[in-house]
Number of protein chains: 2
Amino acid sequence: MFSKACEYGIRAAVYVALQSLEGRRVSVIEIAEEIDSPIAFTAKILQQLSKNDIINSVKGPTGGFEIEREDMDAVKLSKIVKAIDGDNIYVGCGLGLRECNADKPCPLHDKFVDIRTDLRTMLQNTSLFELATGLEVGLTYLKR
Amino acid sequence: MFSKACEYGIRAAVYVALQSLEGRRVSVIEIAEEIDSPIAFTAKILQQLSKNDIINSVKGPTGGFEIEREDMDAVKLSKIVKAIDGDNIYVGCGLGLRECNADKPCPLHDKFVDIRTDLRTMLQNTSLFELATGLEVGLTYLKR
DNA sequence: TCAATAAAGGACATTTTTGTCCGAATTATA
DNA sequence: TATAATTCGGACAAAAATGTCCTTTATTGA
């Protein structure tokens with residue numbers, strides 16, 4: 001569904017949000033540890049998130065990654081997915097046709113439209129804050 | 001969503017079904033031409049489909065691929081997807097966690113369950129026959 | 001100012017996916 | 001029986017995704 005990079009990216013962003021709620025800025029090493037991901041690869045992904053204004057990065061001692069409380073509401077999953085995987089998941093054709101649409105549909109088009117729309121809606125409506133609070137309360141997990 | 005191999009596999013299977021409805025057995029070359037896919041790669045995928053009893057293959061002159069009318073009903077998309085991509089798409093965790101379930105859910109678990117279930121249901125309920133007939137009537141397309 | 005800390009960035013390595021090539025096996029038909 | 005058409009199977013090639021390493025840059029605080 002999502003690429004590995006995107007999975008790590010979402011998990012990392014949620015962890016950063018959770019810690020920012022506690023007022024803590026976190027390092028790549030801590031993030032990778034807490035979401036169980038390869039450190040250097042995670043660092044690359046965090047750079048992408050930072051460049052796409054999804055999280056903030058601060059260099060130097062006491063540096064790390066963080067996200068403002070208001071951005072947690074503004075940043076929806078769709079923004080993260082688009083930044084890392086592009087939007088082909090919920091825009092492209094299920095069978096890989098370039099020009100698949102209601103006028104010239106692939107055999108799966110109609111059946112796919114609903115699922116794709118549900119997925120898009122879910123990603124566009126789910127904020128980082130929402131996901132972070134579930135974690136905060138101990139209802140959800142980011143590892144294993 | 002699906003791998004390229006799986007996209008080609010579904011398109012190939014639908015084309016074989018369509019031609020079998022007309023009583024024609026088709027070659028790899030014709031299939032690749034009609035679904036706009038790389039020939040040799042498509043040949044490998046057809047082998048997989050054949051080994052998984054999704055389509056039949058016949059060697060030698062006048063040989064090619066075909067599928068029985070009754071198998072078109074029995075073969076659902078889920079069988080093709082499982083044969084090529086495995087069932088991780090609609091079974092695995094959206095964020096890549098190995099042990100994600102209702103007891104120990106990832107932050108996206110609840111929101112993903114519905115979409116994943118819809119996808120699984122759709123794949124399990126859609127037969128090759130159904131897809132082939134849409135093509136036959138000229139309502140859908142396999143190229144571009 | 002200097003040392004230590006942390007992200008940024010580039011080069012490289014590994015693995016997986018996608019794709020190609022070619023000879024072997026099978027079989028219809030002349 | 002010989003030939004040609006076709007799939008099968010293995011080895012190889014290329015591209016993309018995943019992952020690592022090391023140097024540079026920025027910044028803090030002693």
Side-chain angles (χ1 to χ4, degrees), chain A residues 1-13 15-16 19-20 24-67 81 83-86 88-89 95-96, chain B residues 1-13 15-16 19-20 24-33 35-67 81 83-86 88-89 92 95-96:
Chain A
M1 185 75 97
F2 302 127
S3 68
K4 275 288 164 201
C6 193
E7 290 176 0
Y8 296 150
I10 294 173
R11 279 150 63 190
Y15 183 74
V16 171
Q19 293 305 316
S20 288
R24 299 186 61 236
R25 194 180 277 164
V26 287
S27 70
V28 182
I29 294 178
E30 176 179 340
I31 295 170
E33 168 69 23
E34 291 301 321
I35 70 171
D36 193 27
S37 66
I39 298 180
F41 192 45
T42 305
K44 298 291 185 196
I45 297 163
L46 288 165
Q47 279 181 44
Q48 274 186 273
L49 295 181
S50 169
K51 277 182 190 161
N52 282 276
D53 300 312
I54 290 165
I55 57 178
N56 303 120
S57 77
V58 179
K59 284 184 173 183
T62 78
F65 297 89
E66 65 190 3
I67 177 172
V81 172
I84 300 180
D85 279 351
N88 205 55
I89 317 158
L95 296 187
Chain B
M1 187 75 96
F2 302 127
S3 69
K4 274 288 163 199
C6 193
E7 290 176 359
Y8 296 150
I10 294 173
R11 278 150 62 190
Y15 183 74
V16 170
Q19 293 304 318
S20 289
R24 297 187 60 237
R25 193 181 280 165
V26 286
S27 70
V28 182
I29 294 179
E30 176 178 341
I31 295 169
E33 168 69 22
I35 70 172
D36 193 27
S37 67
I39 298 179
F41 192 45
T42 304
K44 297 291 186 197
I45 296 163
L46 287 165
Q47 279 181 43
Q48 273 186 274
L49 295 181
S50 169
K51 278 183 191 160
N52 283 276
D53 301 313
I54 291 166
I55 58 178
N56 303 120
S57 75
V58 178
K59 285 183 172 183
T62 78
F65 297 89
E66 65 191 2
I67 176 173
V81 172
I84 300 180
D85 279 351
N88 204 56
I89 317 160
L95 296 187

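Note on naming: letters A, B, ... go to the chains in the order of the sequence lines (proteins, then strands), and numbering restarts at 1 for each one.
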So does [X] get a side-chain nitrogen or oxygen closer than 4.0 Å to the phosphate oxygens (OP1/OP2) of [N]?
X	N	result
B/T62	C/dT27	no
A/K51	C/dG9	yes
A/Y8	D/dG19	yes

Exercise for the section: Choose from C/dA8, C/dT18, C/dT27 the nucleotide whose nearest atom is closest to any side-chain atom of B/A5. Expected result: C/dT18

Handout entry: Candidates C/dT20, D/dT20, C/dA28 - which lies nearest the side chain of B/P38
Key = C/dT20

Whole-Å gap separating [atom2] ([N]) and [atom1] ([X]):
X	N	atom1	atom2	answer
B/D36	C/dG19	CG	P	11 Å
A/I29	D/dT20	CD1	C1'	14 Å
B/F65	D/dT7	CZ	C1'	6 Å
B/I84	C/dT17	CD1	P	13 Å
A/E30	C/dA6	CD	C1'	13 Å
B/F41	D/dT7	CZ	C1'	18 Å
B/Q47	C/dA25	CD	P	15 Å

Practice task
Kindly indicate, with the supporting measurements, whether the criterion side-chain contact (heavy atoms from CB on, under 4.5 Å) is fulfilled by A/F65 and A/Q19.
Solution key: CA-CA 10 Å; A/F65 297 89; A/Q19 293 305 316; over 6 Å; no

Practice task
Taking A/D85 for its side chain and A/V81 for its backbone only, find out whether a donor-acceptor pair lies under 3.5 Å.
Solution key: no

Practice task
Using only heavy-atom distances, decide whether a donor-acceptor pair under 3.5 angstrom links the side-chain of A/K44 to the base of C/dG10.
Solution key: yes

